[in-house]
Amino acid sequence: MSKRIVVLTGAGMSAESGIKTFRDNDGLWNNYRVEEVATPEAWAADMELVLEFYNQRRKQLFECEPNPAHYALAELQDKHDVRIITQNVDDLHERAGSKQVLHLHGELKKARSVTDPDYVIELQDWELKAGDTCPKGGQLRPHIVWFGEPVPNITLAAEIATSAEIIMVIGTSMQVYPAAGLIHYAPVDCMKYYIDPAARESSTVENMTAIRKKAGEGVPELVRELLSL
Ligand code: OAD
């Protein structure tokens, strides 16, 4: 029987595609903490530094491919109504074929105008430069939710989580709010699976099964099970 399956993904989802997670490594970039470059304050103080940080990450993304976990989630759509809510700014879910993907923290391949937030474009190449502007002359910035900025998609994400019949949480340390709070919107009786080598059962979340495996192994296994429901 077809079910509404809500999937919450984090950096561990894309780790096997070659994209580093945030908290598994030293979290440093050129001796800056990620929190120091991913902020409106950093943008105001040193726009070139922030552009360079995201240019490097975007360049890497153009060279990465979806991994078996991304493809397995796309396959899950053959039978179920799958809604992905991702903290990731990469486009690997979409490239694997997932149709309903909500990005909580923005999208690396997009840029938007600092003066006209509705002007959002898809970048065809990795480099965004000082002087790249919208037609009205506003500088383009990465279409990313920085630390300290509101998360516009969180209300919609909470609504989706509320409607879940099954929840999968994949590759996230569940430390960054409001994303980490989404699990609490899921109905108490809905089955919850947490796939992450560091997954732990939670004392505050009921019906949660921890699957301590990498996404590339644990997700295709669970998807096979869910396809046979
Ligand atoms: P973290 O780096 O905090 O957590 C990554 C998780 O992935 C950890 O729990 C690891 O155990 C797990 N992991 C590592 N390799 C894995 C693999 N192969 N398969 C499955 N899991 C694996 O990343 P997030 O929880 O996504 O925000 O971080 C949340 C947010 O914090 C990010 O979206 C970003 C960051 O600051 C912004 O940029 C706004």
Side-chain angles (χ1 to χ4, degrees), residues 7-29 32-43 49-51 53-58 60-61 64-73 84-93 96 101-112 141-154 157 161 167-183 192-202 205 208-223:
V7 189
L8 310 176
T9 66
M13 179 81 205
S14 300
E16 289 154 88
S17 293
I19 299 176
K20 275 187 173 181
T21 62
F22 294 91
R23 292 174 185 79
D24 288 324
N25 50 64
D26 57 13
L28 291 179
W29 173 76
Y32 295 94
R33 282 159 42 87
V34 173
E35 290 82 353
E36 283 174 314
V37 265
T39 63
E41 290 77 16
W43 176 256
L49 177 83
V50 177
L51 285 170
F53 173 70
Y54 286 102
N55 282 343
Q56 284 193 18
R57 303 196 66 207
R58 197 176 301 110
Q60 186 198 23
L61 177 55
C64 289
E65 299 292 337
N67 66 53
H70 294 104
Y71 287 115
L73 290 179
I84 296 175
I85 302 170
T86 187
Q87 296 169 78
N88 297 343
V89 296
D90 65 54
D91 61 348
L92 299 179
H93 284 301
V101 184
L102 183 69
H103 286 270
L104 282 182
H105 293 162
E107 293 170 74
L108 195 50
K109 284 193 181 166
K110 291 184 178 172
R112 75 167 182 270
R141 60 163 271 183
H143 186 49
I144 298 281
V145 174
W146 285 328
F147 289 94
E149 292 187 320
V151 179
N153 282 336
I154 196 68
I167 288 238
M168 294 165 75
V169 179
I170 307 167
T172 169
S173 59
M174 301 283 273
Q175 285 186 26
V176 174
Y177 283 82
L182 284 173
I183 190 78
K192 303 168 187 84
Y193 301 93
Y194 184 9
I195 304 173
D196 188 307
R200 276 171 287 123
E201 260 97 26
S202 156
V205 182
M208 172 89 101
T209 305
I211 301 172
R212 281 177 213 93
K213 290 185 178 176
K214 289 185 172 179
E217 185 190 352
V219 176
E221 281 175 9
L222 181 58
V223 164

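Just follow the structure's listing: the first ligand is 1, and inside any ligand the first atom is 1.
- The contact shell of ligand 1, taken as protein residues with any non-hydrogen atom closer than 4.0 angstrom, comprises Gly10, Ala11, Gly12, Ala15, Glu16, Thr21, Phe22, Arg23, Asp24, Gln87, His105, Val145, Phe147, Gly171, Thr172, Ser173, Val176, Asp196, Pro197, Ala198, Lys214, Ala215.
- Using modelled atom types, one side-chain atom of Arg58 and one backbone atom of Leu108 make a donor-acceptor pair closer than 3.5 Å.
- The environment of Arg212 atom CZ is dense: over 12 non-hydrogen atoms of other residues, nucleotides or ligands sit within 6.0 angstrom.
- Checking Leu8, Val169, Ile183 one by one against Lys192, the side chain to side chain contact (heavy atoms under 4.5 Å, CB included) holds for a single residue, Ile183.
- Closest approach of Leu92 and Asp90 over heavy atoms only: N-OD1, 3.0 Å.
- Between Ala215 and Met13 the shortest heavy-atom distance is CB-CA, 4.4 Å.
- We find the CG-OH distance between Leu61 and Tyr54 to be 13.5 Å, quoted to the nearest 0.5 Å.
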